[in-house]
Amino acid sequence: MAYVAVKGGERAIDAAHAWLAEARRGDAAQPELSLEQIEQQLGLAVDRVMAEGACYDRGLAALAVKQARGDLIEAAFLLRAYRTTLPRFGASLPMDTGAMRIRRRISATYKDLPGGQVLGPTFDYTHRLLDFALAAGGTPPPAPMAAPEGEATPRVTGILAQEGLMAPEAKSDAEPPDLTREPLSFPADRPLRLQALARGDEGFLLAMGYSTQRGYGNAHPFVGEIRMGEVAVEIAPPELGFPIEIGEITVTECQMVNQFAGSKTEPPQFTRGYGLVFGHGERKAMAMSLVDRALRAKELGEEVDAPAQSEEFVLYHCDNIEATGFVEHLKLPHYVDFQSELEKVREMRATVFREAAE
Amino acid sequence: MTELTPGFADPVLGAQSCFRAILEAMSRPGRLQRVAGIEQPPAPLGLAAAAALLTLADADTPVWTDAGAAAEAWLRFHAGCPLVAEPREASFLLATGRIPSLATLAQGSEEEPHRSATLIVEVKTLAETVGWKLTGPGIETEHRLQVAGLPADFPRQWAANRAGFPRGVDVVLTAGPWLAALPRTTRIEEA
Amino acid sequence: MSTMRSAEGGAPLGGEHRSRESHGPTATRSAEGGAAPGGEHRSRESHGPTAMRSAEGGAALGGEQRSRASDGPTTIEAGYNFGYLDENTKRMIRRALLKAVAIPGHQVPFGSREMPLPYGWGTGGIQVTASVIGPQDRLKVIDQGADDTTNAVSIRRFFAKVAGVATTEHTAEATIIQTRHRIPEVKLREGQILVYQVPMPEPLFRLEPRVSETKRMHALADYGLMHVKLYEDIARHGHIAISYNYPVMVGGRYLMSPSPIPAFDNPKMHRMPALQLFGAGREKRIYAVPPYTSVHSLDFEDHPFQPIRANAACALCGARDSYLDEVVTDDQGGRMFVCSDTDYCNTRQGSREAAE
């Protein structure tokens, strides 16, 4: 019998990479996408990749989208793998989203409020009709600009807090844990949970948040406020002794307000679910705030019985880089273990048939 | 302040080769390993002890030592490790004089026994064909190890340390460029 | 500046400091800078170009020439730190490894990093190997027992690129063997390190998915759940129905997953002269079995542990003692068996030919 063990893994890999490069480029008669085009015209894809890739760099995220052929989880993975190799210079100071230069700000809990409702660049009230004019291309007319009102835009939760209606968050100067340097451990405190959720998969958080609205978890949410815009990032180098601004990033913040009936120690008031996401990522910020609130069940003395309330379930499964790796690793060869299973099943079948024959 | 002497001549490969020596030592308790890569650590730091700390300690690991100001400055500069006054707060301890009692050091918990201290002791001499009989994981039948410079009650302290398994302290003994390790699983019988 | 410098633990005038300073926190990463995982950002930990490992005498052999069983050291791809990981990460992993060796079978959590390979494809093993490996080492990588399976090729290439170390397919020549799903047939010796890639480090996870619960069980050495599961297998099937990833007790204290090796390989772990290290990247756990440590496959007195292998001889080398892969040769039920350990099989075939 002429059997030769399969060889040539290296050549196969090289050939596959070459094919991938060709497929990525597509029909060479078409102009190639530039990173600038991706960054400008597929901006929300770039934002999502930055958020789940946990690395704020639009140019690199655009490159990742291009390299991944538009597969956004693959792109986030590329960005994460790059991120790990970067030197760590220090930690930024807490960002003040209250001082955000606002491009969008809406509240569902008040008709009008100081600072006003700012719709910004939203899909919300578009009719979801395919726009065939877009297929033809062209430059849209400039959008009308209102003069900035110049007044401050206080947070809705702050307005509620003035009346004592909003449960205050525990202040702490403790160094927050760092998910990128220490593995998750349980019970996970809120800073750790929020870190995990902030880079978690949008689809997973969406489904989890949705489940809390359908009765799996005790949720009575109102969107206190969603705001999106630019916020300064500051660091305080020890050799300077005072903070300096190192740049500005776009973030989306959602503060979800929930009724809370009170407990033995707390009067009835509203509690907060919090979402913060790199870039313009409203769906994820909202879902994150629902899940954050659900995960506070234990702390607030509520029953913990729904999936979205289980720390281990949510935090161990929200990371799409981990999830995709493990799901997809099933396509690696497993024939050694399968051989053992074959022999074991044959042995067990033999036992069954032998017993049946007796 | 006096001039600081250099750390590893090659920080990357020096640490790698020192780590392999420590890994081998921890895997084969009582077997001597020779370490190189540092020219002249400040006294009373021996070469192996200094190299071990540069290999393992950094800003994430509080270090306790009795080796004095020059050694502390050297460690702070090259390893960037915080130095602590309380032995129980340290991840790594380097004793050149009297060793702190093992029972006072971080032992880890039943769930997290790895959160325990590693004690490095600079001793007078180490020899491996005579002395204590060591048995346990990492040892095929028995290893011999003779240590000059440990307190007389060390074997008793060690027995108590071992009895607390999986909690407990791990020890690295150094003498100049040589080192040997005693993981918490090793049983010591005095010859 | 002294704080930055000392945090790196580098020599006062090391090249790494210069390059670190060359881009402050505000430096924007241009598209080119980030294109290759490399560029100047990576250079901070690497010793300067003059210290590169070509001094070992290795010509820059491309990964393509890997058809030979052994390759000499190669030069490290410019811009990478030796072993890819930065020195802080290596120190963290090295600390975890030492505690793992000191507490045989106990899972030590570690700050697993995102690697340029997907989770589930060996990121834990790769991080362990990267933290251990040095220029004197000779690395062998196997997947399913074979050196030329695609994932093994990919991992071996990775280390040739970022550590420039010599590689080999010969088990006996290797100082570090990274493996997925097998233990080589040849008895390993002192001076060798076997690094296992581990998908699920927790042996109890199918019985109790909550890590907070399994942690408590390990603390109490409460392994009743597993014994009950095995007992139920026997009651229902007459056999323990586990054929791979068969749980073991290490040093009589910790229940441990041997990684998904076939149960056939379990006995090789017992009192192995080589050091065994286990890395689970996605689950962020490291554990170890020191040399000459007892590793016992769980069983019952009336149902002793039985390693499984196909009852056949290797069609290529005739071995009757090795683990065999079943190869389907046609669609009529034709099949043959060949050694899963390709080096073992090749060596046996070679010595048979020499004898003829």
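It should be emphasised that the depicted structure is a prediction, and the values quoted were computed from it without experimental measurement. Order of the sequence lines fixes the chain letters, A, B, ..., with proteins taken first and strands second; residue numbering starts at 1 for each chain.
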Trainee: Quick check for you: to the nearest 0.5 Å, what is the distance between C/M269 atom CE and C/L188 atom CG?
Mentor: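 One gets 11.0 Å once the value is rounded to the nearest 0.5 Å.
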Trainee: What part of B/A57 gets within 4.5 angstrom of chain C, counting heavy atoms only: side chain, backbone, both, or neither?
Mentor: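 B/A57 touches chain C through backbone heavy atoms alone.
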Trainee: Which bit of B/S27 is near chain C, if near means a heavy-atom gap under 4.5 Å: side chain, backbone, both or neither?
Mentor: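 When you check distances to chain C, atoms from both the backbone and side chain of B/S27 fall under 4.5 Å.
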Trainee: Can you say whether B/L182 sits under 4.5 Å from chain C via the side chain, the backbone, both, or neither, judging by heavy atoms?
Mentor: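 Neither; nothing under 4.5 Å.
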Trainee: Are side-chain heavy atoms of B/I38 and B/L54 found at a separation under 4.5 Å?
Mentor: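 Yes, close enough: below the 4.5 Å cut-off.
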Trainee: Under a 4.5 Å heavy-atom cut-off, does chain B meet the side chain of C/V101, its backbone, both or neither?
Mentor: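 Answer is side chain: those atoms of C/V101 sit under 4.5 Å from chain B.
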Trainee: Which bit of B/T118 comes within less than 4.5 Å of chain C, counting heavy atoms only: side chain, backbone, both or neither?
Mentor: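 When you check distances to chain C, atoms from both the backbone and side chain of B/T118 fall under 4.5 Å.
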Trainee: Between C/R94 and chain B, which part of the residue has a heavy atom less than 4.5 Å away: side chain, backbone, both or neither?
Mentor: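 Both backbone and side chain of C/R94 come within 4.5 Å of chain B.
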Trainee: Which region of C/R271, side chain (C-beta onward) or backbone (N, CA, C, O), has a non-hydrogen atom less than 4.5 Å from a non-hydrogen atom of chain B, or is it both or neither?
Mentor: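 The answer is the side chain of C/R271.
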Trainee: Below 4.5 Å, heavy-atom pairs only: which of B/E110, B/H114, B/E111, B/R184 has the largest tally toward chain C?
Mentor: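 Most heavy-atom pairs within the cutoff with chain C belong to B/H114.
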Trainee: Which bit of B/S116 is near chain C, if near means a heavy-atom gap under 4.5 Å: side chain, backbone, both or neither?
Mentor: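 Backbone plus side chain of B/S116, per the 4.5 Å heavy-atom cut-off to chain C.
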Trainee: Against chain C, work out which of B/R28, B/E112, B/E24, B/M26 has the most heavy-atom pairs shorter than 4.5 Å and name it.
Mentor: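 The candidate making the most pairs under 4.5 Å is B/R28.
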Trainee: Run the salt-bridge test on B/D58 and C/K90 with the 4.0 Å N-O cut-off and return the result as yes or no.
Mentor: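 Here B/D58 does not pair with C/K90 in a salt bridge, since their nearest N and O are not under 4.0 Å apart.
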Trainee: Please classify the contact of B/L56 with chain C as side chain, backbone, both or neither, using a heavy-atom distance under 4.5 Å.
Mentor: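 Contact with chain C involves both backbone and side-chain atoms of B/L56.
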